[in-house]
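All remarks here apply to the structure that follows.
Per chain, numbering begins at 1; letters A, B, ... match sequence-line order.
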Protein chains: 2
Amino acid sequence: MTAPTHEQEPASGTDIDDEVLGLLRRADQRYTTGRRKLVAALQEGDGPLTINQILDVDDTLAQSSVYRNLMILEQVGAVVRIVTRDEFARYELAERLTEHHHHLICTSCGDVADFALDDRVEATLDRALHKAADTAGFAVDGHRLDLLGTCGSCD
Amino acid sequence: MTAPTHEQEPASGTDIDDEVLGLLRRADQRYTTGRRKLVAALQEGDGPLTINQILDVDDTLAQSSVYRNLMILEQVGAVVRIVTRDEFARYELAERLTEHHHHLICTSCGDVADFALDDRVEATLDRALHKAADTAGFAVDGHRLDLLGTCGSCD
DNA sequence: TCGGGGTTGAGAACCGTTATCAATCCCAAA
DNA sequence: TTTGGGATTGATAACGGTTCTCAACCCCGA
């Protein structure tokens, strides 16, 4: 989502929890058990998850709480909300907690997987984007690049 | 939306109408007055429009008909539905009727404007994307690149 | 001119999401 | 440890963008 701060090693495991804890604290929010389970569920998938996918991963979570906590985690900067083609929103951990990446969106089943671009390509892209934005009087704070097509399991 | 078929000159004015007419005919659909007005409204804006923006441009159109006809025009390949950040979908003429381009999405007011990238950048990007998609067993049929930031009028 | 299938448009229904609010939990002070 | 009180939870109602319904209308062909 955000322009790459190249080579910020991917925090993993409890590192992510620490980071999320800090982000929540900064906003006078607690890192409750439910929120921990939510973050854990998001770490599971290899791409952004819908609410239903989250509830499938952990059926001890309540739908309304998941919605509310995802909203809070997004405001705090720990989670990003993504809308693709279908009617469901998807959520994933913010790049500050993972790595800069893009999405493979399957136009058949709607599933979304992550992928990364070569750093060199990413750099030239970033340069071109900033130039284009400047001429349009637009202040960039990130870009979003998705690939549309058919995933392996839909062949 | 679709990978660039470089240098297909932008059909304009009645050319677009002719093209849309053909697309509709091929699906046994008529190009009625309402649909013509809809296509005209989409040509107005310099970016994808929401339903409300369309109704503002032409208040003789009925909301339910606009929704239905946009759906039909999308199935036929004349229009593309776009979802950005907010809760409103946006619609624009398909690239086959215009030109390959990308979107400047203002995270403040939600407005969306078009912009194009240098052909050279577009080409290297396309190459890198296809390579990435191949290794993921993904059949590409297009990409989507958006710039997120603040537009001029929101400074 | 007439017949009939496509199209229209006002309103109802749908469904993902958000707001509500009483019950519960958890931190901090005593 | 106990207790008070504000944050959090979760079942449910409300919301709103979009889709569906269906009678009235239009338009093309015979």
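A donor and an acceptor atom, one from each side chain of A/Asp146 and A/His102, are nowhere located under 3.5 Å apart.
The separation between B/Arg36 atom CZ and C/dT7 atom P is 13 Å, rounded to whole Å. Computed from coordinates, the B/Tyr31 OH to C/dT8 C1' distance equals 17 Å when rounded to whole Å. Residue A/Gln29 contributes atom CD, which lies 8 Å from atom C1' of D/dA7 at whole-angstrom precision. Atom pair B/Leu24:CG and C/dG6:C1' shows a separation of 13 Å (rounding to whole Å applied). A straight line from CG of B/Asp59 to C1' of C/dA10 spans 17 Å, rounded to a whole angstrom. Summarising the geometry, the separation between CG on B/Asp86 and C1' on C/dT18 is reported as 16 Å, rounded to the nearest angstrom. Between the CD1 atom of B/Ile82 and the C1' atom of D/dT18 there is a distance of 17 Å, given to the nearest Å. Taking atom NZ on A/Lys37 and atom P on C/dC25, their separation rounds to 13 Å, with Å as the unit.
Between C/dT7 and B/Asn69, no contact under 4.0 Å exists linking OP1 or OP2 to a side-chain N or O. Distances shorter than 4.0 Å separate none of the side-chain N or O atoms of B/Arg30 from OP1 or OP2 on D/dC26. Within the 4.0 Å cut-off from OP1 or OP2 of C/dT17, at least one side-chain nitrogen or oxygen of A/Tyr67 is found.
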Donor-acceptor contacts, no H, no angles, side chain residues 64-73 of chain A, under 3.5 Å, sequence neighbours left out:
unit_1, atom_1, unit_2, atom_2, d
A/Asn69, OD1, A/Arg35, NE, 2.8
A/Asn69, OD1, A/Arg35, NH2, 3.3
A/Asn69, ND2, A/Ser65, O, 3.3

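Hydrophobic clustering, defined by side-chain heavy atoms of Ile, Leu, Val, Met, Phe, Trp and Tyr closer than 4.5 Å, groups A/Phe138 together with A/Leu104, A/Phe115, A/Leu117, A/Val121, A/Leu125, A/Leu129, A/Val140, A/Leu145, A/Leu147, B/Leu104, B/Phe115, B/Leu117, B/Val121, B/Leu125, B/Leu129, B/Phe138, B/Val140, B/Leu145, B/Leu147.
With B/Thr107 contributing its side chain and B/Gly149 its backbone, the two residues share a donor-acceptor pair below 3.5 Å.
B/Thr84 has its side chain out of reach of A/Val83: every pair of non-hydrogen atoms, C-beta onward, lies at least 4.5 Å apart. No side-chain heavy atom of A/Ile82 sits less than 4.5 Å from a side-chain heavy atom of A/Val112. When side chains are defined from C-beta on, B/Asp58 does not count as touching B/Glu44, because their heavy atoms never get closer than 4.5 Å.
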Set out, line by line, the N/O atom pairs under 3.5 Å between protein and nucleotides 11-14 of chain D.
unit_1, atom_1, unit_2, atom_2, d
D/dA11, N7, A/Ser64, OG, 3.0
D/dA11, N6, A/Ser64, OG, 3.3

Between protein and nucleotides 12-15 of chain C, what N or O pairs are separated by less than 3.5 Å?
none

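The 12-atom threshold is exceeded at CZ of A/Arg36, counting heavy atoms of other residues, nucleotides or ligands nearer than 6.0 Å.
Rounding to the nearest 0.5 Å places CZ of A/Arg120 at 9.5 Å from OG1 of A/Thr124. A/Gln53 CD to A/Leu42 CG: the interatomic distance, rounded to the nearest 0.5 Å, is 10.5 Å. Here the CG-CD distance, from A/Asp46 to A/Glu92, works out to 11.0 Å after rounding to the nearest 0.5 Å.
Contact annotation for A/Asp28: no contact, since no heavy-atom pair falls under 4.0 Å across all strands.
The rotation axes computed at either terminus of the helix from C/dT1-D/dA30 to C/dA30-D/dT1 lie 30° apart, taking five pairs at each end and rounding to 10 degrees.
Applying the salt bridge (Lys or Arg N to Asp or Glu O under 4.0 Å) criterion to B/Asp111, with sequence neighbours excluded, gives no partner residue.
If B/Ile51 and A/Ile72 are placed on DNA chain D by their nearest nucleotide, the residue sitting closer to the 5' end is A/Ile72.
You'll find that the side chain of B/Thr32 is closest to C/dT8, out of D/dT8, C/dT8, C/dT18.
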